[in-house]
Number of protein chains: 2
Amino acid sequence: MAVAKAKVTAAIDPSVITNKLEEDIALGRILPRERLIEEELALRFGVNRHVIRQVLMELETIGLIARQKNKGATVRDLLPEDVTNIYAVRELLEGKAAELIELPPKPEVVARLKDIQERHAKAAEAGELTNVFRLNLLFHKTFFAACGNPHLADAIQHFALKAHIARSLTVGDPKLLKRAVEEHAQIVHYLETADRANLVRLAVEHIIPSKDAYLESYRRRFGM
Amino acid sequence: MAVAKAKVTAAIDPSVITNKLEEDIALGRILPRERLIEEELALRFGVNRHVIRQVLMELETIGLIARQKNKGATVRDLLPEDVTNIYAVRELLEGKAAELIELPPKPEVVARLKDIQERHAKAAEAGELTNVFRLNLLFHKTFFAACGNPHLADAIQHFALKAHIARSLTVGDPKLLKRAVEEHAQIVHYLETADRANLVRLAVEHIIPSKDAYLESYRRRFGM
DNA sequence: ATCGACGTCATTGTTGACAATATTCCAATG
DNA sequence: CATTGGAATATTGTCAACAATGACGTCGAT
């Protein structure tokens with residue numbers, strides 16, 4: 001009995017499913033107001049429905065989906081004012097983190113960011129949206145983790161996830177993508193040159209285009 | 001022995017249990033590193049173990065407890081640096097909210113805050129810790145909800161809950177309590193007189209004493 | 001044709017049983 | 001006496017069956 005049974009089917013961690021669904025929502029593969037059926041998802045990921053329920057609860061607290069008792073879960077539909085409010089908090093938090101980050105940063109932090117940045121740029125060039133999404137996420141996570149306040153970094157991560165719904169509609173835009181890639185390179189540059197003022201400015205400005213793109217897209221669809 | 005199923009019309013909502021456990025942690029009835037056994041809690045609240053699991057997951061995302069796979073849940077033990085970091089975020093968020101709040105505020109907001117403040121003061125005088133806890137929570141929630149940014153208000157609420165672990169050790173201190181009551185009255189006053197500068201200042205300063213009390217208490221217990 | 005009552009189906013919520021994993025305790029060993 | 005091995009126990013994790021609820025279409029009456 002010492003030997004564990006060989007697991008034929010790889011044990012799927014709930015957080016893996018959560019991440020996958022976040023990705024689906026962020027990339028617009030599941031759209032706002034679209035319904036998430038527990039059994040469908042259970043089948044798709046090859047797990048029990050309870051695991052899916054747990055995942056859905058997580059997504060709810062993150063703010064990506066809304067659940068109603070006995071009625072199920074749907075992707076949240078963010079109104080322009082929601083997006084404005086979320087981004088107001090993001091600017092506040094991310095600006096603060098940029099103020100706190102150690103300058104000059106530890107060499108390994110810069111090294112990691114450079115590596116991520118390059119892979120992100122390549123993925124963008126190749127049009128691999130999934131990788132672009134993941135590497136962008138990783139870049140920001142790595143950057144803000146360096147601020148020295150894990151609780152602040154968590155909050156930033158949390159609000160970045162909330163904003164993903166808003167980004168789903170404009171995620172494919174090559175212009176936005178190109179600009180994001182360039183700004184990542186600039187952020188690394190400001191880190192290396194210990195240029196606090198520009199770092200803080202860019203950290204805040206960096207997220208604005210995606211907000212504007214969403215508001216613009218919303219206006220276009222529903223009129224002003 | 002006797003019966004235990006007194007609740008024919010029960011239907012206990014999970015959030016009620018969550019709130020009760022938050023209270024227990026905040027008031028120090030359950031201490032850091034103490035274990036939370038699912039079946040015990042299920043028995044205590046007269047619900048199925050699954051409900052408790054759900055509650056524990058919520059408490060985990062709030063940050064009040066830590067869970068390890070197959071090992072169960074314990075109340076989180078906040079190190080001084082955690083408390084410092086959490087309060088840094090609180091000051092940032094609550095300061096911002098105070099800047100955003102509409103001045104002069106709507107009359108009904110002031111009326112509600114006054115009512116809560118008076119009941120809070122009475123509870124403090126009577127030494128009813130449970131009511132003090134609840135009314136203090138309600139006061140802050142009502143105040144920050146008035147900032148006009150629900151996402152910001154949520155984040156504030158979230159971090160206030162995280163901080164509750166830290167407050168559990170000093171919650172009984174009459175000096176702190178007296179000061180909190182007075183400052184609530186002052187906050188209402190600054191609202192009525194539309195005194196933005198003082199309002200922002202006090203909103204930030206108001207939470208500092210409980211942070212300092214925790215750090216002090218920690219030093220005393222483990223030496224400096 | 002419109003509306004509402006009603007029955008059926010789809011979906012979520014709840015429960016108890018069982019499996020997997022950690023913890024505790026005790027005895028055997030060096 | 002400390003340590004290790006391994007049952008016995010305690011606790012959490014997973015599952016499948018069942019109950020409750022809401023969504024939807026059908027049918028009859030006006």
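We name chains A, B, ... by the order of the sequence lines, and we start the count at 1 in each one.
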So B:I65 and B:R67, do their side chains get closer than 4.5 Å, heavy atoms only?
yes
### Query
Below 4.5 Å, heavy atoms only, C-beta onward: do B:H164 and B:L161 meet side chain to side chain?
yes
Using whole Å, report how far [atom1] of [X] lies from [atom2] of [N].
X     : N      : atom1 : atom2 : result
B:I52 : D:dT12 : CD1   : P     : 11 Å
A:L36 : C:dT12 : CG    : C1'   : 13 Å
A:E39 : C:dA10 : CD    : P     : 11 Å

Paired with A:D24, the side chain to side chain contact (heavy atoms under 4.5 Å, CB included) test is passed by just one of A:I30, A:L31, A:V75, A:N19, namely A:I30
With B for base contact, S for sugar-phosphate-only contact and - for none (protein heavy atoms under 4.0 Å), nucleotides 13-25 of chain D reads BBBB----SSS--
Expected list for residues 56-65 of chain A near DNA chain D, using heavy atoms below 4.0 Å, is none
Hydrogens and angles aside, do [X] and [Y] bring a side-chain donor and acceptor to less than 3.5 Å of each other?
X      : Y      : answer
A:H50  : A:N48  : yes
A:Y214 : A:S168 : no
B:H158 : A:H158 : no

Partner of B:H206 under side-chain hydrogen bond (donor to acceptor under 3.5 Å, both in side chains), picked from B:R179, B:H140, B:E91, is B:H140
Sequence neighbours excluded, the answer for side-chain hydrogen bond (donor to acceptor under 3.5 Å, both in side chains) partners of B:K114 is B:E192
